[in-house]
Protein chains: 2
Amino acid sequence: MGIKERRAREKEHLRQQILSAARELFVNEGYENVSMRKIANKIEYSPTTIYLHFKDKADLLDSVCKETLLNLLNTLEQLKRDTTDPVETLRKSGKAYVEFGLEYPQDYKLTFVIRPQFQKGLGLDEGSVGEKVFDYLREMVSECIQEKIFRQVDVETTGQVMWAAVHGVTLLLIDFPDFPWTEKDKLIDTVIHTTIEGLKA
Amino acid sequence: MGIKERRAREKEHLRQQILSAARELFVNEGYENVSMRKIANKIEYSPTTIYLHFKDKADLLDSVCKETLLNLLNTLEQLKRDTTDPVETLRKSGKAYVEFGLEYPQDYKLTFVIRPQFQKGLGLDEGSVGEKVFDYLREMVSECIQEKIFRQVDVETTGQVMWAAVHGVTLLLIDFPDFPWTEKDKLIDTVIHTTIEGLKA
DNA sequence: GATATAATATTAACACTGTAAAGTTAAATC
DNA sequence: GATTTAACTTTACAGTGTTAATATTATATC
């Protein structure tokens, strides 16, 4: 039954085409400014064809964001982990997280700010990629606590504090590019350093 | 010339009517889901009347956000400041900031996340309310540094770190209400405490 | 009090939006 | 070759932000 497979392949191919056209447009022009017709034009299909592959525009956004989370997870997992110093690993991961956000600012905002607005049910459900990202963070924090480097607060809270710090600085840098920030890398490093020091004590 | 003044008063009154109708709708239904026609209906005027008072929808958003910043500034300035302990004052202010964000989550998001998307030139220009909010933060941080409680990093960076922390936790709590957060107040307190401790060291 | 003037509000229209329903076409199965 | 199935398009609807032209009102001038 090679035909069915070819068909399925073609279908998947078109899905990917739509997805990558949508991502490119969303990222360059902003989710609100991209119409289904624009996406359709780009891939040279009629607008309604998109609806054969995605429920609606929000679903399309959803799929784009899932990819972004996957990319973020890959970026983090590809980090060479320092097996002797868990704090150094955490520091590096935090830095990588922020840098990911700044490298793909629109992707980041789409995933962590725009999407929650449309999909109330967040993307951190059980087994989701989003959950895996937070699992990664939890794991690293856990090591720091186990080795008694960090205060013995529970892992959850500690991880959430770390997340808040990197999320905050990432969004501020993205959203207020004209603000007279301290030199970018210095700011990021200070945020991460400060948070880690605060978690020790 | 009492007539002109009355006219001006009436005009201002209508402006305020539009503004408060817009805020209520933006906050309850989300900026994207509110149409000019909806706002007009609410105040029982024709849609185009709004354009006699505001340049466009983004300008309307802009004005709503300016009010929010003013409210935030008032909230912060009404805080009873502990004159003997600047750190305690900073802690209280941080807490008040986050609580403001959580009390008016849509206002907060509108101001600090949605607006920057439409008005690239942020709202932190010289002399603006936004700048005053940051000035307030800078002042408090400065006291902590002067009294040699904080590390002798420059005031700017220190303030920005603090801002990143509270901004981060505020947005996470708003955007991912279903995430299994640590008890809310504990999380906020830990974020602020951790950041302050990290700034001492 | 009638008329001109200015301010204020409205109607009509344009080009665009997301998306549902119906219609078309081509390929696969019998 | 006829029929079913899948993929895709056309058409249509109700709604969007916004502009230009028009109408209405209230004030100022004569």
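Owing to the predicted nature of the structure, the values given are computational and were not obtained by experimental measurement. Letters A, B, ... mirror the listed sequences (proteins, then strands); counts begin at 1.
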(request) Report the residue (Ala58(B) or Pro47(A)) whose heavy-atom-nearest nucleotide on DNA chain D is the more 5′ of the two. (result) Pro47(A)

(message) Once you apply a heavy-atom cut-off of 4.0 Å, does Ile39(B) come out as touching a base, just sugar-phosphate, or nothing?
(response) nothing

(request) Establish, with yes or no, whether the OP1 or OP2 oxygen of dT9(D) is under 4.0 angstrom from a side-chain nitrogen or oxygen of Thr49(A). (result) yes

(message) Expressed as a whole number of angstroms, how long is the span from Met36(A):CE to dA15(C):P?
(response) 24 Å

(message) By the 4.0 Å heavy-atom rule, please label Ser35(A) as base, sugar-phosphate, or nothing.
(response) sugar-phosphate

(message) I'd like to know if Arg23(A) pairs up with Asp107(A) as an ion pair, taking the criterion as any Lys NZ or Arg NE/NH1/NH2 lying under 4.0 Å from an Asp or Glu carboxylate oxygen.
(response) yes

(message) Rounded to whole Å, how long is the line connecting atom OH of Tyr31(B) with atom P of dT16(D)?
(response) 14 Å

(request) Remember a base hit wins even if backbone is also touched, and classify Tyr45(A) as base, sugar-phosphate or nothing at under 4.0 Å, heavy atoms. (result) sugar-phosphate

(request) Could you tell me whether the side chain of Arg37(B) has a donor or acceptor atom within less than 3.5 Å of a complementary atom in the base of dG15(D)? (result) no

(message) Salt bridge check, Glu88(B) against Arg91(B): does any charged N sit closer than 4.0 Å to a carboxylate O?
(response) yes

(message) Rounded to whole Å, please give me the gap between CD1 in Ile50(A) and P in dT17(C).
(response) 12 Å

(message) Tell me whether Lys57(B) forms a cation-pi arrangement with Phe118(B), defined as NZ or CZ under 6.0 Å from the six-membered ring centre and within 45 degrees of its axis.
(response) no

If you look only at distance, which donor and acceptor atoms sit under 3.5 Å apart when one is on a side chain in residues 191-201 of chain B and the other is two or more places apart or in another chain?
| from | atom 1 | to | atom 2 | distance (Å) |
| --- | --- | --- | --- | --- |
| Thr194(B) | OG1 | Arg151(A) | NH2 | 3.4 |
| Thr194(B) | OG1 | Thr190(B) | O | 2.6 |
| Thr195(B) | OG1 | Val191(B) | O | 2.7 |
| Glu197(B) | OE2 | Lys200(B) | NZ | 3.1 |

(request) Measure from NZ on Lys57(B) to C1' on dT16(D) and round the result to the nearest Å. (result) 8 Å

(request) Figure out the CG/C1' separation between Leu60(A) and dT17(C), and round it to whole Å. (result) 15 Å

(request) Measure the distance from CD on Glu44(A) to P on dA7(D) and round it to the nearest whole Å. (result) 20 Å

(message) With a 4.0 Å limit, can you tell me whether Lys11(A) has a side-chain N or O closer than that to the phosphate oxygens OP1/OP2 of dA7(D)?
(response) yes

(message) If the cut-off is 4.0 Å, is Thr48(A) near the phosphate of dA20(C), judged by side-chain N/O to OP1 or OP2?
(response) no

(request) Using whole Å, report how far OH of Tyr51(A) lies from P of dA21(C). (result) 13 Å

(message) Taking the basic N atoms (NZ, or NE/NH1/NH2) and the acidic carboxylate oxygens, is any pair closer than 4.0 Å for Lys132(A) and Asp135(A)?
(response) no

(request) Could you tell me the separation between the CD atom of Glu32(A) and the C1' atom of dT17(C), rounded to a whole number of Å? (result) 12 Å

